[in-house]
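Worksheet: one structure, shown below.
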Amino acid sequence: MMGAPEAFDINAVKGMKFFDPHVHMTSRTTDDYQAMADAGVVALIEPAFWLGQPRTGLDSFRDYYSSLIGWERFRSSQFGIKHYCTIGLNSREANNESLAEQVMEILPLFVYKEGVVGIGEIGFDDQTAAEEKYYRLQLELAKEAGLPVQVHTPHRDKKKGTQRSMDIALEHGLDPYSVIIDHNNEETVKEVLDRGFWAAFTIYPFTKMGNERMVEIVKQYGAERIMVNSAADWGISDPLAVPKTASLMKMRGLSDQDIELVTYRNAITAFAQSGQLNETDFNAQIDLTRKFEGNTILRGGQQPRTDKSSIIIS
Amino acid sequence: MRENHMKAVKEIIASVVKNNIDLVTENWLEEFILATDQPAQLAKVFVMLPRKTGKLPVAITNDQQEILHAAGFGYIRNWTIDRLSRVWLLSTLNSEDKDTFYSTVDRLFLAAEINEAVALYSALPFLAHPEIWVKRCAEGIRSNIGSVLEAIIENNPYPSGNLNEAAWNQLVLKAFFTEKNISSIIGLDQRANPDLALTLIDYAKERWAAGRKVNPQLWRLVGKFINAEIFETLKVGLQHYDQIEQRAIALAISESGYQPAKDYINTFPELKLALADGSLNWNSF
Ligand SMILES: [Zn+2]
């Protein structure tokens, strides 16, 4: 995989629209939103995840969930990016059982809210009994609420963890077409697709999937039920992973149609099963300017963009 | 008086809601309103409401609009049906037990997403026991979210009717900072006060120092309180290059009783002329 590094040429994908179905914007800066908007990201899903250290009380969970559907959604809207989320108790924190019990009690309050497009990200980390218990309980909640499920698969012992996640989802009577298995790799993709699930891939430096490998996977398996995300979070990660991967796919000769499917359309199809995601909502910002002609597009105290190449800061 | 007045408004709103939803949804809402365990059910009904009502703008008949307008609630015409239904739902809640009523509604604020928060703050003028929502309203003014702030600041009679002076002043100041539609603040002129005028003047000076413009509506809140000290600042503004700011300051001065300022305006021929022809008013900014 050596060779001269290629620069990200945004012109290769200019005019294309992207959907990042897994990105943790809470841990990113506002500048990232700006860069994502410039690169063509029009909508995203932020799955509820952990903050890098465990929360110690119920109120922190409540505030976190509230921020996903409140402040974070607003911040995103300031750049014309439609923000959705999935709500769930993540696998690591499922291991604090007394707290997990309390979180399960407030989850139904959040999963019916507008713009919540699934239960997620849930699944296994250490593959403990407690993780399994809360994974199962949340699958039941998804069934009751009629929501898709976004499954986080473990870093360690991934293949077994992925199989087990799928087995359990089927055991609970979920339609695999409503379950998105995330963080796949070459070892897991075939089985996930063969069993009828959605296969999501996280383009994340060093640890998960590189986008050159991603190109090869789409070449081998086609574009059906495959989607690409950045899972960018508080780690060294890249919120432009989706447009960059599209750009690389273009350079490596994949068809525009396949690129559109894996970096935009498939995620919409999968998560629209929630009834909470509508492609026409992506343009809300543009409509705003039309509706309030003469008013500024900048709302809520937002300031005009600064010119980053200028030494003068005004 | 206020009770009867609000009762009539609520009846109109009820009929608007019913005209804009289907029978299944109407029955679902009626069932909730008659339920004996309202507090337990409220959160789910409130959250799920848009799925039942849809989110289209409400259709209002001319008769309904006339009555709402006369009562000061004409702005409801611009709402969507989910927002109006949520507000109406809250207005019907059993409020006999004040503590239960408070904790039931306050729980909704605690877990509200953006559209829910907008509806909750829009509902403040329609909630029973207005005095218990003062703190919540003041808290809402601290929000960073544009549409939530707009629900509190613009076209909402609750703040001017209920907030103490400090919270009210904070609302007005925040409205300028976040570039809200100042003339849509209900009670704006009635609740002008010297403290607010002085704070706004400091804000204007900061803007000028940074080379930025000042919203002309700011001077509307200053006119009544012009004294020798404030006049010194107005002079700076009048000597400024910005014509719109100059005209707004001139209008504020014309509404004041401070003669030295009035005399000073007469030394600017264009301003003197603009005031004389009577076309200048706060709606022209
Ligand atoms: Zn994640």
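All values reported here derive from a predicted model rather than from experimental measurement. What's counted below: heavy atoms across the whole structure, side chains too, no hydrogens, waters or symmetry copies.
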Distance check, rounded to the nearest 0.5 Å: [X] atom [atom1] versus [Y] atom [atom2]?
| X | Y | atom1 | atom2 | answer |
| --- | --- | --- | --- | --- |
| B:I114 | A:F74 | CD1 | CZ | 7.5 Å |
| A:R73 | B:E113 | CZ | CD | 6.0 Å |
| B:I145 | A:S77 | CD1 | OG | 8.5 Å |

Heavy atoms of other groups near [X] [atom1], more than 12 under 6.0 Å:
| X | atom1 | value |
| --- | --- | --- |
| B:H240 | NE2 | yes |
| A:L58 | CG | yes |
| B:Q243 | CD | no |
| B:E30 | CD | yes |
| B:R220 | CZ | yes |
| A:K133 | NZ | yes |

Open item on the list: Using only atom types and a distance under 3.5 Å, with no angle test, would you say the side chain of B:K44 pairs donor to acceptor with the backbone of A:Y112?
Closed with: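 Checked: no pair found.
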Task: Side-chain ion pair, B:K55 and A:E114, N-O less than 4.0 Å - done: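 Looking at B:K55 and A:E114, the cut-off is met.
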Task: Region of B:A210 that comes under 4.5 Å of a non-hydrogen atom in chain A - done: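 Nothing of B:A210, per the 4.5 Å heavy-atom cut-off to chain A.
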TODO: Please name the pair of heavy atoms, one in B:L110 and one in A:S66, separated by the smallest distance, quoted to 0.1 Å.
DONE: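 Residues B:L110 and A:S66, closest heavy atoms: O-OG, 3.7 Å.
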- [ ] Sort A:F110 into side chain, backbone, both or neither according to what part of it lies under 4.5 angstrom from a heavy atom of chain B.
- [x]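 The side chain, not the backbone.
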- [ ] Check side-chain contact (heavy atoms from CB on, under 4.5 Å) between B:R207 and all other residues, then give those that pass, not counting sequence neighbours.
- [x]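 Result, side-chain contact (heavy atoms from CB on, under 4.5 Å) vs B:R207: B:Y203, B:R212, B:V214.
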Open item on the list: Out of B:S147, B:P50, B:A43, B:A111, return the one with the most heavy atom pairs under 4.5 angstrom to chain A.
Closed with: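 Most heavy-atom pairs under 4.5 Å with chain A: B:A111.
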